[in-house]
Amino acid sequence: MPMPQVPFDDRGLAYGDGVFETVLLRAGAPVLWEYHYARLRLGCQRLNIPLPSMEQLVATWQSPSNAELEILKLILTRGSGGRGYATPDTPQPRLLSRRTPFVVNSDRWHEGVNVRICQLRLGHQPLLAGIKHLNRLENVLARQEWSDPAIAEGLLGDTDGWLVEATSMNVFWQQAGVLFTPLLSQCGVAGTLRAALLDYGVVQEAPIALNAIHEVERLWVANSVQGVWPVNKLLSEAGEVLQSWPPRGQDKLQAIGHGLLGYSPTSR
């Protein structure tokens, strides 16, 4: 089913004035929905956009499908109206959705991935930190930094030199046997799998300098769609190998993370 046309004056198109969610559907049911809904609600509160009703949201995944796994993309804009950057007095949000079949790349769970450090540095804006707003230009610019298919992700630091996230995933590391993920109080997207792992006490938040990440015991990137990828090799901005970690069997982060997503550890 084609997506509806977005009017020329839609504020999401013109200004990135809105939020979005990318939700894994398993047999037609959303995975980690309580976390997606919580982040959507927080984004609407931060941007002062009326939150759609639960009935409107549930309707986006109610149509029948034969696919075992799908991706549900939800886009909520403030709608049209207002004068320039001034918002309309009574916004009429526009909710768009699309479902597409999905096949997870489980080879990356077992074989691991290579990642690089990006040159781009994320700016600070605490009001936007954590939410998944529509203006992702920093991520777009960072993703343009490499075209090598052997590199799966890029790590992003902020203007103060702290590790924040990957271009489309969150970052996790192990030090002294403890699992950590970066603080996201100034910038970055707080992923839903990350939120669940924090709630379950699997990981804890801590700061780490981007230029120290090669010293950790283990490193992963993960999100609520792709699952958990162990990092085998970390490359610098110039493409030099900073660190290599030997491939290992399934670890605690993968076991719990994939359990939350309903992924089987033996899937291929």
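Index from 1, following the sequence. Values below: all heavy atoms of this structure, side chains included; hydrogens, waters and symmetry mates excluded.
For the pairing with L134, the side chain to side chain contact (heavy atoms under 4.5 Å, CB included) check across I75, D17, L76 returns one residue only, I75. Looking at Q144, E153, R143 one by one, the single match for side-chain hydrogen bond (donor to acceptor under 3.5 Å, both in side chains) with T167 turns out to be E153.
Residues V189 and R136 have side chains in contact (heavy-atom distance under 4.5 Å, counting atoms from C-beta outward). For the pair V113/P230, no side-chain contact is recorded, criterion being any heavy-atom separation below 4.5 Å from C-beta on. Considering only heavy atoms from C-beta on, Y15 stays 4.5 Å or farther from N135 through its side chain. Using a 4.5 Å cut-off on side-chain heavy atoms (C-beta onward), V104 and Y263 make contact. You'll find the side chain of Q175 reaches within 4.5 Å of the side chain of F180, heavy atoms only. Here the side chains of I49 and P93 are in contact, with some heavy-atom distance below 4.5 Å. Inter-residue side-chain proximity for F102 and E70 is flagged as unmet; no heavy-atom pair is nearer than 4.5 Å. The shortest side-chain heavy-atom distance between I208 and W173 falls under the 4.5 Å cut-off.
Pairs engaging residues 24-35 under the side chain to side chain donor-acceptor pair (under 3.5 Å) rule: Y35-D199 [sequence neighbours left out]. Annotation: side chain to side chain donor-acceptor pair (under 3.5 Å) contacts involving residues 200-215, sequence neighbours excluded, comprise R194-E205. Pairs engaging residues 227-248 under the side chain to side chain donor-acceptor pair (under 3.5 Å) rule: R121-E237 [sequence neighbours left out].
In this structure, Q186 contributes its side chain and Q125 its backbone to no donor-acceptor pair below 3.5 Å. Q56 contributes a side-chain N or O that, together with a main-chain N or O of S53, makes up a donor-acceptor pair within less than 3.5 Å. The main-chain N or O of A190 is never found under 3.5 Å from a side-chain atom of N170 such that the two would form a donor-acceptor pair. The backbone N or O of N48 lies less than 3.5 Å from a partner atom in the side chain of R78, making a donor-acceptor pair. Although no hydrogens or angles enter the test, the distance criterion places no donor-acceptor pair under 3.5 Å between the side chain of Q92 and the main chain of G79.
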Q: I would like to know whether V216 and Q174 meet side-chain contact (heavy atoms from CB on, under 4.5 Å); could you show each step before the answer?
A: CA-CA 6 Å; V216 302; Q174 178 179 296; over 6 Å; no
Q.
Between L155 and C118, is the side-chain contact (heavy atoms from CB on, under 4.5 Å) condition met? List the steps.
A. CA-CA 6 Å; L155 303 188; C118 293; over 6 Å; no
Q. Would L57 and Y37 count as a side-chain contact (heavy atoms from CB on, under 4.5 Å) if you check the C-alpha gap in whole Å, the side-chain angles of each, and the deciding distance to 0.1 Å?
A. CA-CA 9 Å; L57 294 169; Y37 181 73; 3.7 Å; yes
(Q) Working note: L260 + V31, criterion side-chain contact (heavy atoms from CB on, under 4.5 Å); need CA distance, chi angles, decisive distance, verdict. (A) CA-CA 8 Å; L260 290 166; V31 178; over 6 Å; no
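How far CZ of R46 is from CZ of R39: 12.0 Å, rounded to the nearest 0.5 Å. Between T181 atom OG1 and L197 atom CG the span is 8.5 Å, to the nearest 0.5 Å. With values rounded to the nearest 0.5 angstrom, I71 atom CD1 is found 6.0 Å from T100 atom OG1. Atom-to-atom distance recorded for T77:OG1 and L96:CG is 6.5 Å, nearest 0.5 angstrom. Separating the OG atom in S65 from the CG atom in L72 is a distance of 11.0 Å, to the nearest 0.5 Å. Atom SG of C187 sits about 7.0 Å away from atom CD of E165, to the nearest 0.5 Å.
Looking at every heavy atom in both residues, G43 comes nearest to I131 through CA-CG2, 3.7 Å. When all heavy atoms of H133 and F20 are compared, the pair lying nearest together is O-CE2, 3.5 Å. Taking both residues in full, the closest heavy atoms of V221 and A166 are given as CG1-CB, 4.2 Å, listed atom of the first, atom of the second, then distance. Minimum heavy-atom separation, L193 to A222: CD2-CB, 4.2 Å. Pairing each heavy atom of L74 with each of S97, the nearest pair is CD2-CB, 3.7 Å. Minimum interatomic distance between A196 and L32 (heavy atoms only, all atoms of both residues): CB-CD2, 4.2 Å.
At a threshold of 4.5 Å between side-chain heavy atoms, the hydrophobic network of Ile, Leu, Val, Met, Phe, Trp and Tyr places L183 and L128 in two separate groups. When the side chains of ILVMFWY residues are joined at heavy-atom separations under 4.5 Å, either directly or via intervening members, V115 and W162 end up in two distinct hydrophobic clusters. Both M54 and L51 are members of a single hydrophobic cluster when ILVMFWY side chains are connected at heavy-atom separations under 4.5 Å. Note: the hydrophobic cluster containing L163 also contains V203 (ILVMFWY, side chain heavy atoms under 4.5 Å, direct or indirect links).
Every residue was checked against the side chain to side chain donor-acceptor pair (under 3.5 Å) condition with T159, not counting sequence neighbours, and none meets it. D10 is linked by a salt bridge (Lys or Arg N to Asp or Glu O under 4.0 Å) to R94, counting only residues two or more places apart in sequence or in another chain. By the side chain to side chain donor-acceptor pair (under 3.5 Å) test, D9 is found to be paired with S80, residues two or more places apart in sequence or in another chain being considered. In this structure E145 satisfies the side chain to side chain donor-acceptor pair (under 3.5 Å) test together with R116, sequence neighbours excluded. The side chain to side chain donor-acceptor pair (under 3.5 Å) check on H36 picks up E21, T192, with sequence neighbours excluded.
Hydrophobic clustering, defined by side-chain heavy atoms of Ile, Leu, Val, Met, Phe, Trp and Tyr closer than 4.5 Å, leaves L127 isolated from every other such residue. Taking a 4.5 Å side-chain heavy-atom cut-off between Ile, Leu, Val, Met, Phe, Trp and Tyr, the cluster of W146 extends to I151, L235, V241. Grouped with L120 in one hydrophobic cluster are L122, L141, L156, V164, L184, the linkage being side-chain heavy-atom contacts under 4.5 Å among Ile, Leu, Val, Met, Phe, Trp and Tyr residues.
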For residues 81-91, run the donor-acceptor check on the side chains, cut-off 3.5 Å, and write out each pair with its distance to 0.1 Å, sequence neighbours left out.
none

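A side-chain N or O of S63 and one of R99 form a donor-acceptor pair less than 3.5 Å apart.
Relative ring orientation between H258 and W109 is described as tilted, the plane-to-plane angle lying within the 30° to 60° band.
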